[in-house]
Amino acid sequence: MLTDTPTLRVYRVALLEPWDHCARCGAALQANDQFCEECGSQVEEQTALLQETPAAQPIGAALLDDLPDDPARSVLPTVREVFVGEDSRFAVLPDGTSLVRFDSLLSEPNTFVDQTDAIEIGIQVSRALAYLHRNGLALGQVTLADLALTNKREIKLADAGAIRRSQGKEDQIDDVEQLGLVLEKMAGIQRHTRRLDDANNPSPLDSGFATILSDLRAKRINDASILAQALETLLAEQATPLSLRVRTGYATDVGMIRDHNEDSVLTWDLRLNWDAKPVNVGLYVVADGMGGHEGGEVASGLAITTTAQTLVTTLLDPQLHNGPVSSKHLADLVKQAAFQANQAVYEESVRRKNDMGTTLTMAVVVGDRAIVGNVGDSRTYLYRDGKLQRISKDHSLVQRLIDIGQLDPDDIYNHPQRNAILKSLGDSGDPGTDTFEVQLQPNDALFLCSDGMWEMVRDPKMAELFAEHANPADLCDALIAAGNAGGGEDNISVVVVRFDSIPSVEH
């Protein structure tokens, strides 16, 4: 006996005679088959699971026998046979040895399912939930261990031992909420607590999937059919990014004190056919070099060049344009580009026998998706609705002190060690690039800058300049002027990318 609970017992049993379907994977068998062509199990030595439950109050797979046909039923376990004894009801199921359980699949630390995959799984399971609910059943406390993949990579509920007759709407709401928790664990989505009245004002860092999960936790979504529809809409939106009109400006200045400029910037804008539709694609980078003359500017320039060589080629690859835009894939590309840039700077520093290095902040934009990557204390901001919000997080000593509560955020500008950074490009190994996803909207702007900008001008003042200057080139000039007026203690570099809706063409 494998499981013994007050209402359900599960046994693994040997089959004396094979069925016309494989007991493990459900594939059809021919009369003389000795092995299943799908999963390879030996027909003569098959086993199955036997669920025993009280005849008067059955739970588990025994309740699935009389359900009507429906595409959503494919997610539920395949019930081979149900028979009733004197006091018990028995259901015979495949033994599940060919299934891969998600709890084992995700057992490695920091291993998550891609969000697109998690959304697709959520659609299938929520459809199955809606099907059960329409037929008066509830799924119960589903966990990652209850979800599995078949050898054809199809999602399956492993044994559905917790299925029971629904006692009302509350059981159905609990099912939907529990599925949200499972999807959250599956995709590694970090929780962001929001007030109920924040539903229409999500953080710009919230992905659409994270917003849906937040709505599930707050029970704003409590119906399986509505959840399936929301996930289907999100998947369709992710398949084809919303195209935006892009206006870009940039500027770099030596500042008021330094005698040469060690910063480098890059802007790259294209419109490509993405899934047969024109979509804006862009790469924007600011690097702040360290190492003095013929050191810092070499490091920052090399980082910019290597980043461009790595990312531009990939973003131009037609193969990338044939399917959904995976934010995880774009984030992986950003990390790979930073890794290659770090390697290039490190090898050049070894060749030159110096300790040059550089910070790096970048944004890769595809339609209305932006992936921000960051190493060091150069920053990327989002300007939206008159407010400037920092997206990246400084890799600096003062930021660490703020994180542990030993320093007030306002003290960052005057701290004697404000220029001590904890990460940069130029060392051997992985630089530990942070990535952030931003869902862009019309009238948004991305703002990338070196520390020579944000240390001289506070965020509210920079936001005022954004409000005063609609043209990105004029705004960049105004930002540089403000940085120099504030002291210009370092090189100043800025990139501004404004996003607007594309006017509809009337015929």
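Worth saying up front: this structure is predicted, and the values here are computed from it rather than measured.
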Exercise for review: Provide the full list of side chain to side chain donor-acceptor pair (under 3.5 Å) pairs with a residue in residues 52-62, sequence neighbours left out, each pair given once.
Suggested key: Tyr11-Glu52, Glu52-Ser88
**Study point:** Partners meeting side-chain contact (heavy atoms from CB on, under 4.5 Å) with Thr248 (sequence neighbours left out)
**Key:** Val246, Thr267, Asp269, Tyr284, Val497
Review point. Residues in side-chain hydrogen bond (donor to acceptor under 3.5 Å, both in side chains) with Asp332, at least two apart?
Key: Lys328
Show me the donor-acceptor pairs within less than 3.5 Å that the side chains of residues 440-448 make with the rest of the protein, sequence neighbours left out.
residue, atom, partner, partner atom, Å
Asp444, OD1, Arg384, NE, 2.9
Asp444, OD2, Arg384, NE, 3.2
Asp444, OD2, Arg384, NH2, 2.6
Asp444, OD2, Gln441, N, 2.7

Review point. With Phe90, which residues qualify under ring-ring contact (aromatic ring centres under 6.0 Å, His included), at least two apart?
Key: Phe83
Review point. With sequence neighbours left out, what residues match Asn222 under side-chain hydrogen bond (donor to acceptor under 3.5 Å, both in side chains)?
Key: none
Side-chain donor/acceptor pairs under 3.5 Å, residues 370-379, sequence neighbours excluded:
residue, atom, partner, partner atom, Å
Asn374, OD1, Thr361, OG1, 3.3
Asn374, ND2, Gly376, O, 3.2
Asn374, ND2, Lys393, O, 3.1
Ser378, OG, Thr359, OG1, 2.7
Arg379, NE, Asp394, OD1, 3.1
Arg379, NE, Asp394, OD2, 3.2
Arg379, NH1, Tyr381, OH, 2.8
Arg379, NH2, Asp394, OD2, 2.8

Check your understanding: Is atom CD of Glu177 surrounded by more than 12 heavy atoms (other residues, nucleotides or ligands) closer than 6.0 Å?
Key -> yes
Point to revise | Thr380 side chain vs Ser392 backbone, donor-acceptor pair below 3.5 Å | key: no
Review point. Taking only residues two or more places apart in sequence or in another chain, which ones pass side-chain contact (heavy atoms from CB on, under 4.5 Å) with Val312?
Key: Trp268, Leu283, Ala308, Leu316
Review point. Salt bridge (Lys or Arg N to Asp or Glu O under 4.0 Å): which pairs involve residues 166-175, sequence neighbours left out?
Key: Arg164-Asp171, Lys169-Asp223
Practice item. Return yes if some donor-acceptor pair links the side-chain N/O of Asn135 with the main-chain N/O of Leu132 below 3.5 Å, else return no. Key: no
Check your understanding: Applying salt bridge (Lys or Arg N to Asp or Glu O under 4.0 Å), which residue pairs with at least one partner in residues 126-142 are found, sequence neighbours left out?
Key -> Asp70-Arg134, Arg127-Glu232
Review point. Who are the side-chain hydrogen bond (donor to acceptor under 3.5 Å, both in side chains) partners of Arg247, not counting sequence neighbours?
Key: Asp500
Exercise for review: With sequence neighbours excluded, tell me which residues meet ring-ring contact (aromatic ring centres under 6.0 Å, His included) with Tyr131.
Suggested key: none
